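Down below is the structure, laid out as structure tokens.
These numbers were taken from a predicted model, which means no experiment stands behind them. Heavy-atom basis, side chains included; hydrogens, waters and symmetry copies ignored. Quick note on labels: first sequence line is chain A, next is B, and so on, each numbered from 1.
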There are 2 protein chains.
Amino acid sequence: MESNDLWSSGFVAEPTFWINHASRLIMREFEQLLRPLGFGTAYLPVVMLLEQHRELQQRQLADFVRVEQPTMAALLTRMQRDGLIVRTPHPTDARSSLISLSPKALERLPEVMAVLGDGVGRALDGVPEEDRAALQRILRIVVTNLGGIP
Amino acid sequence: MESNDLWSSGFVAEPTFWINHASRLIMREFEQLLRPLGFGTAYLPVVMLLEQHRELQQRQLADFVRVEQPTMAALLTRMQRDGLIVRTPHPTDARSSLISLSPKALERLPEVMAVLGDGVGRALDGVPEEDRAALQRILRIVVTNLGGIP
DNA sequence: TTGCTTTCCATAGCACCCTATGTATTGTGA
DNA sequence: TCACAATACATAGGGTGCTATGGAAAGCAA
């Protein structure tokens with residue numbers, strides 16, 4: 001009885017479980033890479049968005065990143081605790097606030113990118129370019145199927 | 001500025017992020033499908049293993065499923081709470097106990113499989129067989145790269 | 001303008017996974 | 001045999017994500 005048995009038979013062998021399995025390992029890897037930099041894996045999409053759009057509301061961030069609103073709220077709380085974002089009151093909507101990157105975040109961004117590049121490279125080592133493209137194409141279908149892209 | 005922007009440019013466009021994105025949506029879907037049955041998504045690998053091997057130690061389960069020991073401990077606690085597993089003292093090792101499926105778990109297994117089959121089908125709808133195979137092949141490389149298979 | 005609906009957030013509670021540690025038992029070499 | 005190392009599990013503390021609710025402001029229609 002090999003340990004491989006589990007991941008090669010029955011429902012657990014379905015690609016969906018492999019996706020989950022790979023995702024767990026990727027998170028594990030990235031989390032370790034980013035910990036020394038005071039970054040979390042989940043911060044990245046938010047940072048990328050705020051870098052491009054200067055300031056956004058929580059609602060917009062949640063929609064773009066495709067997580068639920070309470071998830072984004074908790075994420076922003078962590079990012080604020082780590083000094084990476086700033087909240088300023090919305091000029092015309094008292095319910096909302098505008099979120100933007102702190103100088104600290106912008107400053108650390110290049111290093112984060114570099115470290116993350118290493119991680120991506122390690123994860124995809126030995127996967128030829130056409131397979132990476134195929135991976136993306138197929139996963140896009142899966143995401144679309146499950147409502148990830150409206 | 002489309003919401004798709006984020007997932008089509010920069011590091012976030014890397015396949016690793018698509019894997020995470022797809023994984024999240026899959027978990028969301030499966031969790032909803034299994035909730036009415038009193039099952040969690042993470043239960044499945046454990047159930048499959050115990051169905052085949054009758055009884056196993058926590059350590060073996062963690063190794064096979066490839067999660068850390070405390071993760072398996074918490075998972076088994078939830079499964080026990082839901083009445084799906086039974087712990088019996090290990091005959092020769094006082095530190096350990098043997099874990100096996102309850103009749104309730106075996107009874108519900110077929111329905112769980114059926115519901116899960118629907119979920120897998122929905123997630124992979126429109127993905128031809130050769131692409132599913134490719135997906136599995138590529139993800140296997142990623143998992144191996146990140147130490148998922150010793 | 002008033003009153004209803006919608007929208008934006010916050011909070012509570014839970015699933016799932018990780019690292020870091022501690023405790024107790026087992027196994028092993030001197 | 002006895003002290004030390006290895007093993008099995010428990011616990012503490014977080015990160016990431018979801019659903020379900022509730023409160024407050026904004027939008028809108030009568």
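As rounded to whole Å, 13 Å separates atom P of D:dC18 from atom CG of A:L146. Regarding A:L33, its CG atom lies at a distance of 16 Å from the P atom of C:dC18, rounded to whole Å. The distance from atom CG of B:L75 to atom C1' of C:dC18 is 14 Å, rounded to the nearest whole Å. Atom pair B:M79:CE and C:dC17:P shows a separation of 12 Å (rounding to whole Å applied). In this structure, A:R59 atom CZ and C:dC9 atom C1' are separated by 10 Å, rounded to whole Å. Here the C1' atom of nucleotide D:dA8 and the CG atom of B:L98 are 12 Å apart, to the nearest Å. Residue B:F30 contributes atom CZ, which lies 25 Å from atom P of C:dC14 at whole-angstrom precision. If you take CG of A:L25 and C1' of C:dC18, they are 12 Å apart, rounded to a whole angstrom.
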Side chain to side chain contact (heavy atoms under 4.5 Å, CB included) for A:Q136 and A:L139? Distances and angles first, verdict last. CA-CA 5 Å; A:Q136 196 148 338; A:L139 290 177; 6.0 Å; no
A:R137 vs B:D131, test: salt bridge (Lys or Arg N to Asp or Glu O under 4.0 Å). Steps then yes/no. CA-CA 10 Å; A:R137 179 177 52 79; B:D131 278 356; 3.1 Å; yes
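None of B:L106, B:V46, B:L84 except one satisfies the side-chain contact (heavy atoms from CB on, under 4.5 Å) rule with B:L101; the exception is B:L106.
In A:R54, the CZ atom is not crowded: 12 or fewer heavy atoms of neighbouring residues, nucleotides or ligands sit closer than 6.0 Å. Within 6.0 Å of CD on A:E51 lie more than 12 heavy atoms contributed by other residues, nucleotides or ligands.
Taking 4.0 Å as the cut-off between side-chain N and carboxylate O, A:D63 and A:R59 count as a salt-bridged pair.
Distances shorter than 4.0 Å separate none of the side-chain N or O atoms of A:Q32 from OP1 or OP2 on C:dC18. Taking side-chain N and O atoms only, A:S96 has a distance below 4.0 Å to OP1 or OP2 of C:dC9. Note on A:Q57: every side-chain N or O is 4.0 Å or more away from OP1 and OP2 of C:dT7.
Each of A:T71 and A:A94 has a nearest nucleotide on DNA chain D; the 5'-most of these lies closest to A:T71. Both A:G40 and B:R35 lie close to DNA chain D; mapped to their nearest nucleotides by heavy-atom distance, the more 5′-ward contact belongs to A:G40. Between B:R81 and B:Q69, the residue anchored nearer the 5' end of DNA chain C, judged by the nucleotide with its closest heavy atom, is B:R81.
Distance from the side chain of B:V67 is smallest to C:dC17 among C:dC8, D:dG17, C:dC17. Closest to the side chain of A:E68, from the set C:dC18, C:dC8, D:dC18, is D:dC18. In the set C:dT26, C:dT19, C:dC9, the nucleotide with an atom closest to the side chain of A:R28 is C:dT19. Comparing atom distances between the A:P70 side chain and each of C:dT11, D:dA8, C:dC17 picks out C:dT11 as nearest.
Nucleic acid contact class of A:Q58 (heavy atoms, under 4.0 Å, all strands): sugar-phosphate only. When heavy atoms are screened at a 4.0 angstrom cut-off, B:S23 is found touching no nucleic acid atom at all. Within the 4.0 angstrom heavy-atom criterion, only backbone atoms of the sugar-phosphate kind lie near A:Y43; the bases stay farther away.
No hydrogens or angles were tested; on distance alone, nothing pairs the side chain of B:R95 with the base of C:dT26 as donor and acceptor under 3.5 Å.
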